[in-house]
Amino acid sequence: MMNRKGLMANYRVWWRRWFYPLISVVVAVSLCLGTPLVGRAIDLRPLLLQGVQILQLSNISDRQEVDLGNQMNQQLRSGEVRISRNAEITRYVDQIGQRLVANSDRPNLPFTFQVVENDAVNAFATLGGFVYIHTGLLKTADNEAELASVIAHEIGHIGGRHLVKQMRQRALASGLASATGLDRNTAVGLGVELALNRPRSRQDEFDADTRGLRTLTRAGYAPSAMVSFMQKLTKGGGSVPAFLSTHPATGDRITSLRRAINSQGSSGRDGLDNAAYRARIRSIL
């Protein structure tokens with residue numbers, strides 16, 4: 001009985017000690033957020049919003065990433081790019097892409113592969129598994145393995161969440177993540193801009209190469225195709241293709257890829273039939 005009385009007394013002391021100060025803090029914060037002060041008002045809401053937005057971008061979930069990628073896709077399709085209506089080519093690219101995804105770092109992400117009607121030799125990726133391949137790149141590749149190597153590289157960017165990191169860095173550096181916060185529409189617009197025009201960092205490109213080569217090899221494609229495609233583009237003469245123009249140190253990347261291929265000793269040879277590939281893409285030639 002005495003123990004019970006003692007516990008009740010301690011509880012009352014604890015309650016008085018913590019409950020009333022806690023109520024005071026809640027009331028004070030509510031007043032700061034809801035009532036303008038005389039003179040120079042201090043509104044804490046934008047500052048709190050800034051912290052939340054930065055935290056969300058820094059710890060974005062797979063579902064949030066897919067949602068943002070879907071919104072970026074809508075913006076891209078509304079005028080930034082012209083998506084091909086060639087169902088045969090789109091289905092072919094998707095088959096290659098899904099084969100690679102199953103052997104990638106993020107196999108559970110719902111990837112979407114689309115073909116862009118553009119003769120530039122280019123490919124890019126946004127968020128949440130959205131990958132875009134230009135028809136110019138499809139025509140330039142000699143075989144399926146070379147095309148797969150580019151798709152694997154873009155999957156590697158998504159695996160490393162490189163665009164998410166660049167969005168966060170750009171938002172902070174440009175002041176977009178200011179007292180007004182970084183809202184969803186701003187994030188979508190920033191992501192589209194960076195996906196189309198971003199200067200890729202050396203670190204991100206080497207990481208995407210490493211991830212892409214691993215994915216390509218696991219899927220059974222000839223890893224040498226990644227090197228042969230890069231070499232062909234750099235030796236083609238004239239201006240550097242769009243696919244490589246924003247990718248730094250191509251020569252160093254080729255050297256690194258060769259070293260990785262030699263060290264892993266892969267025997268994969270799939271996708272090197274040039275004639276079979278030309279037959280698959282004949283509708284755009």
Query raised in the report: Where do V192 and T126 land on the side-chain contact (heavy atoms from CB on, under 4.5 Å) test, with the steps shown first?
Result: CA-CA 7 Å; V192 169; T126 58; 5.9 Å; no

**Report entry** Worked verdict on R278 versus E144 for salt bridge (Lys or Arg N to Asp or Glu O under 4.0 Å)
**Finding:** CA-CA 9 Å; R278 288 292 159 185; E144 185 174 307; over 6 Å; no

Report task. For E205 and H153, run side chain to side chain donor-acceptor pair (under 3.5 Å): C-alpha distance rounded to whole Å, both residues' side-chain angles, the deciding distance at 0.1 Å, then the answer. Result -> CA-CA 9 Å; E205 290 311 309; H153 176 89; 2.9 Å; yes

Requested in this report: Take I83 and V116 through the test side-chain contact (heavy atoms from CB on, under 4.5 Å) and record every step on the way to the result.
Outcome: CA-CA 5 Å; I83 299 299; V116 176; 4.2 Å; yes

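Here the side chain of S256 pairs no donor or acceptor atom with the backbone of R253 at under 3.5 angstrom. In this structure, R106 contributes its side chain and I158 its backbone to a donor-acceptor pair below 3.5 Å. At distances below 3.5 Å, not a single donor-acceptor pair connects side-chain atoms of Q71 with backbone N or O atoms of L68. A donor-acceptor contact shorter than 3.5 Å is absent between the side chain of E154 and the backbone of V131. Remark: the backbone N or O of A123 is not paired with any side-chain donor or acceptor of H134 at under 3.5 angstrom.
Closest of all the heavy-atom pairs between I261 and P223 is CD1-O, 3.5 Å. The two residues I155 and S104 have their closest heavy-atom pair at CG2-CB, 3.7 Å. In plain terms, the two heavy atoms of G97 and I151 that are nearest each other are CA-CG2, 4.1 Å. When every heavy atom of A260 is checked against every heavy atom of S263, the shortest pair comes out as O-OG, 2.8 Å. Summarising the geometry of A102 relative to P107, their closest heavy-atom pair is O-CB, 4.2 Å, with the distance given to 0.1 Å. Scanning both residues, L216 and A222, for their nearest heavy atoms gives CD2-O, 3.8 Å.
Within the 4.5 Å cutoff, the side chain of Q231 has no heavy atoms near those of the M226 side chain. Counting heavy atoms from C-beta outward, N143 and D273 have side chains that stay 4.5 Å or more apart. Counting heavy atoms from C-beta outward, M230 and D209 have side chains that approach closer than 4.5 Å. Side chains of K232 and E146 form a contact here, defined as non-hydrogen atoms less than 4.5 Å apart. The shortest side-chain heavy-atom distance between N70 and Q74 falls under the 4.5 Å cut-off. Residues L147 and L137 are in side-chain contact: their nearest non-hydrogen atoms beyond the backbone lie under 4.5 Å apart. Between F113 and Q98, the closest side-chain pair of non-hydrogen atoms falls below 4.5 Å. With contacts defined as side-chain heavy-atom distances shorter than 4.5 Å, the pair L127/M167 qualifies.
Rounding to the nearest 0.5 Å gives a distance of 5.5 Å between CG of L76 and CG of L196. Note that CZ of R280 is 8.5 Å distant from CZ of R282, once rounded to the nearest 0.5 Å. Between L100 atom CG and I96 atom CD1 the span is 7.5 Å, to the nearest 0.5 Å. Atom OH in Y92 sits 12.0 Å away from atom CD1 in I133 (nearest 0.5 Å). For the atom pair L257 CG and T210 OG1, the distance stands at 7.5 Å (nearest 0.5 Å). Distance check, rounded to the nearest 0.5 Å: OG of S84 to CD1 of I284 gives 7.5 Å.
The existence of a salt bridge linking R85 and E117 is excluded, since no basic side-chain nitrogen approaches an acidic carboxylate oxygen closer than 4.0 Å. One finds a salt bridge joining R170 and E193 here, because a Lys/Arg side-chain nitrogen approaches an Asp/Glu carboxylate oxygen to under 4.0 Å. Salt bridge status for D207 with R161: absent, with no side-chain N to carboxylate O gap under 4.0 Å.
Checked by atom type, the side-chain pair N274/D142 shows no donor-acceptor distance below 3.5 Å. With hydrogens and angles left out, the side-chain atoms of S283 and N86 include a donor and acceptor closer than 3.5 Å. Defined by atom type and a distance below 3.5 Å, a donor-acceptor pair is missing between the side-chain atoms of D204 and H157. Inspection of the Q114 and T90 side chains reveals no N or O donor paired with an N or O acceptor under 3.5 Å.
No option in N73, T112, N118, N122 other than N73 meets the side-chain hydrogen bond (donor to acceptor under 3.5 Å, both in side chains) test with Y132.
Within the cation-pi definition used here (under 6.0 Å to the ring centroid, within 45° of the axis), R99 qualifies as a partner of Y221.
By the rule that hydrophobic residues join a cluster once side-chain heavy atoms approach within less than 4.5 Å of another member, F229 and L272 end up as members of separate clusters.
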